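Before any comments, here is the structure.
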Amino acid sequence: MNNGVTNKHIQALDILIKEFVNLIKTHEHKYDKTFASAVKSINKDSTYTIMDDGGVERKLKCSIPNAALKVGQYVWVKVPSGRLEDMHICGIK
């Protein structure tokens, strides 16, 4: 019993599977990354300078409501979906 499955159906599925596999191979997997850092300085534009996990100083906004961070305070920094331009302080460590 073939349940109405023909060679045409099998070929169509084979094409779809090959396309899907090719997409997986070429797709860049972007994900959120969170790392610990410390506040190095507080800037006049309401940003904080931290050192990222690669040793680069970054000026970031803080997404913690009503946070009053201090120099030397340990924080969590998030890079959403691999976008460095959206990097922000997301928590206090």
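As the structure is a prediction and not an experimental result, all values here were calculated from the model.
- The hydrophobic side chain of M51 is isolated, with no ILVMFWY side chain under 4.5 Å apart from it.
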Quiz item: Is there a side-chain contact (heavy atoms from CB on, under 4.5 Å) between V71 and I42 once you walk through the steps?
Solution: CA-CA 7 Å; V71 173; I42 301 168; 4.2 Å; yes

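- Summarising the geometry of M87 relative to L60, their closest heavy-atom pair is O-CD2, 3.5 Å, with the distance given to 0.1 Å.
- Across every non-hydrogen atom of K59 and T47, the tightest pair is CE-OG1, 3.4 Å.
- Considering CG of D14 and CD of E19, their distance stands at 10.5 Å, rounded to 0.5 Å.
- Annotation for C62 and A67: closest pair SG-CB, 3.9 Å, computed over non-hydrogen atoms.
- For residues 69-80, no pair satisfies side chain to side chain donor-acceptor pair (under 3.5 Å), with sequence neighbours left out.
- A side-chain donor-acceptor contact under 3.5 Å links D52 to the backbone of G55.
- Pairing each heavy atom of D86 with each of P80, the nearest pair is O-CD, 3.5 Å.
- Residues V77 and R58 have side chains not in contact (no heavy-atom distance under 4.5 Å, counting atoms from C-beta outward).
- Side chain of S81 to main chain of Y31: no donor-acceptor pair is present (N/O by atom type, distance under 3.5 Å, no hydrogens or angles).
- Inter-residue side-chain proximity for I64 and I89 is flagged as met; some heavy-atom pair is nearer than 4.5 Å.
- Using a 4.5 Å heavy-atom threshold, the side chains of K93 and S37 count as separate.
- Taken together through direct or relayed side-chain contacts under 4.5 Å among Ile, Leu, Val, Met, Phe, Trp and Tyr, V56 and I50 form parts of separate hydrophobic clusters.
- A distance of 6.0 Å separates CD of E57 from OG1 of T49, quoted to the nearest 0.5 Å.
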